[in-house]
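Presented below is the structure to which this report refers.
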Amino acid sequence: MKKNILIIFLIFAIIIISLIIFFTVNNNKKIEIGNNDSNQILNMNSYKAKIEVTIVSNKNTNKYKMIQEYKNGEYCLQEIEEPENIRGVRIEYNNNTLTLKNSDLNLTNVYENYKYITENNLFLNEFIKDFNNDSNSKKEETEDEIILQTDCKTQENKYQIKKKLTIDKKTNKPKKLEVQDINQNITVYILYNEISYK
C-alpha cells in the first residue's frame with residue numbers, strides 16, 4: 001500500500017514538474033519573441049519613411065530631408081524635400097523602369113529595362129541585407145535601445161566599412177542609421193523622423 005502511494009506520488013510529482021517546465025519554456029519563448037523586436041525589422045518587406053540625411057565627404061557636409069519608400073526589391077522611391085533648390089527631385093524604380101523627375105522644372109527622364117539600383121546606403125533594406133549576410137553581425141541592448149551592427153569589410157569601398165542601426169525599444173522603430181569609413185568616421189548619418197514598415 002505504501003509502495004503504491006509512493007509510486008502515485010512520484011508520477012504526480014513528475015507530471016507537475018513537466019507542466020512547470022513546459023509552461024516556463026513556452027513563457028520564455030513568448031518573452032524572447034516579444035522582446036526580440038529587431039527580428040521584425042530584419043524581416044520586413046516594405047517601409048515608408050521621412051528621413052534626415054547627413055552625408056560627410058572630405059571637402060564638405062550635405063544635409064537633406066527625404067521621403068523614402070521600399071517594397072521588396074520591386075519598387076523604391078526617394079524624393080527630396082530639402083534643400084529647397086533641389087526640392088521635388090524624385091528617383092523612382094518600378095518593374096525594371098527607372099524614372100528621374102524634377103517636379104519644379106517639369107522634367108522627367110525614363111529608363112526602360114534598368115537594372116535594379118544596388119548598394120544604396122540611404123535605404124534601410126541595404127543595411128538589413130548586409131546585417132543578415134554578415135556572420136560577424138552584432139546585437140547589443142541598452143535599457144531603451146537595440147543596436148544592430150555589421151561590418152562591410154569585404155566591400156571595396158573604404159567609406160562604407162561599418163554600419164550601425166539603432167532601434168527604439170518602446171516604438172520598435174529605427175531611430176538612426178550610421179555608416180562609418182575605414183577610420184571609423186561617420187560618412188552617412190540617417191535620422192528616421194517617421195517610419196512605418198511591414
Side-chain angles (χ1 to χ4, degrees), residues 28-58 61-78 91-94 96 98 114-198:
N28 284 343
K29 282 183 183 173
K30 286 179 185 171
I31 289 168
E32 185 180 312
I33 292 167
N35 287 337
N36 199 358
D37 293 332
S38 58
N39 282 347
Q40 292 175 343
I41 292 168
L42 292 173
N43 293 315
M44 74 174 174
N45 291 314
S46 64
Y47 76 91
K48 292 182 181 181
K50 287 191 172 188
I51 61 174
E52 289 182 41
V53 181
T54 303
I55 299 174
V56 181
S57 67
N58 291 336
T61 299
N62 295 306
K63 295 188 177 187
Y64 306 91
K65 286 189 178 178
M66 299 180 185
I67 296 171
Q68 281 185 344
E69 284 186 46
Y70 170 80
K71 292 179 186 172
N72 203 15
E74 64 187 44
Y75 177 82
C76 63
L77 164 80
Q78 193 160 264
I91 302 168
E92 185 176 11
Y93 178 84
N94 190 10
N96 295 323
L98 179 71
Y114 196 87
K115 188 178 176 184
Y116 180 67
I117 303 167
T118 58
E119 293 186 26
N120 184 338
N121 284 311
L122 301 183
F123 280 97
L124 183 57
N125 61 293
E126 283 300 312
F127 171 84
I128 292 167
K129 183 179 80 174
D130 290 342
F131 186 88
N132 287 333
N133 292 333
D134 180 13
S135 58
N136 296 319
S137 293
K138 299 174 193 169
K139 176 182 173 182
E140 298 173 16
E141 291 193 39
T142 66
E143 188 176 322
D144 301 322
E145 298 175 335
I146 299 169
I147 300 162
L148 304 177
Q149 184 174 299
T150 183
D151 291 330
C152 311
K153 291 178 182 171
T154 55
Q155 290 186 10
E156 294 178 11
N157 190 341
K158 65 181 181 180
Y159 300 105
Q160 303 170 13
I161 298 298
K162 188 177 286 187
K163 297 180 184 180
K164 185 164 62 171
L165 179 69
T166 303
I167 301 165
D168 186 313
K169 276 187 175 180
K170 288 180 184 173
T171 63
N172 189 30
K173 292 183 178 180
K175 290 170 65 175
K176 62 183 178 180
L177 175 63
E178 298 169 76
V179 180
Q180 296 178 349
D181 66 12
I182 198 164
N183 298 315
Q184 297 185 346
N185 297 315
I186 294 175
T187 56
V188 177
Y189 179 88
I190 300 173
L191 182 65
Y192 294 93
N193 293 328
E194 294 177 29
I195 185 165
S196 60
Y197 63 89
K198 295 180 187 175

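As the structure is a computational prediction, the values presented were derived from the model and not from experiment.
Atom CG in Asn94 sits 10.5 Å away from atom CD in Glu69 (nearest 0.5 Å). Going from atom OG1 of Thr166 over to atom CD of Glu140 covers 9.5 Å, rounded to the nearest 0.5 Å. In this structure, the separation between CD1 on Ile128 and CG on Asn133 is 11.5 Å, given to the nearest 0.5 Å. Note that CD1 of Ile91 and CE of Met66 are 8.0 Å apart. Values are rounded to the nearest 0.5 Å. To the nearest 0.5 angstrom, Leu124 atom CG is 7.5 Å from Ile41 atom CD1. For the atom pair Leu98 CG and Cys76 SG, the distance stands at 8.0 Å (nearest 0.5 Å).
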Is there a side-chain contact (heavy atoms from CB on, under 4.5 Å) between Gln149 and Lys162? Walk through the geometry before answering.
CA-CA 7 Å; Gln149 184 174 299; Lys162 188 177 286 187; 3.7 Å; yes
For side-chain contact (heavy atoms from CB on, under 4.5 Å), just list the numbers for Asp144 and Lys169, CA-CA rounded to whole Å, side-chain angles, deciding distance to a tenth of an Å, and then say yes or no.
CA-CA 5 Å; Asp144 301 322; Lys169 276 187 175 180; 5.7 Å; no
So Tyr70 and Met44, side-chain contact (heavy atoms from CB on, under 4.5 Å) or not? Walk me through it.
CA-CA 10 Å; Tyr70 170 80; Met44 74 174 174; 5.8 Å; no
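For the side-chain contact (heavy atoms from CB on, under 4.5 Å) with Leu177, the lone residue among Ile51, Leu165, Leu191 that qualifies is Leu165. Under the side-chain contact (heavy atoms from CB on, under 4.5 Å) rule, Ser137 has a single partner from Thr150, Leu148, Asp130, which is Thr150.
Gln68 places a side-chain N or O within donor-acceptor distance of the main-chain N or O of Leu122, the cut-off being under 3.5 Å. When atom types are taken as modelled, the side chain of Lys173 and the backbone of Ile195 share a donor-acceptor pair closer than 3.5 angstrom. A distance-only check finds no donor-acceptor pair linking the side chain of Asn62 to the backbone of Ile55 [under 3.5 Å].
Between the side chains of Tyr197 and Asn43, not a single donor N or O lies within less than 3.5 Å of an accepting N or O. For the residue pair Tyr93/Asn96, the side-chain donor-acceptor check at 3.5 Å is satisfied.
Between Leu42 and Asn132, some side-chain heavy-atom pair lies under the 4.5 Å cut-off.
For residues 161-184, there are no ring-ring contact (aromatic ring centres under 6.0 Å, His included) pairs, not counting sequence neighbours. The side chain to side chain donor-acceptor pair (under 3.5 Å) analysis of residues 175-192, with sequence neighbours excluded, yields the pairs Glu145-Lys175.
In plain terms, the two heavy atoms of Ile186 and Val188 that are nearest each other are CG2-O, 3.5 Å.
With sequence neighbours left out, the ring pair (Phe, Tyr, Trp, His ring centres under 6.0 Å) criterion links Phe131 to Phe127.
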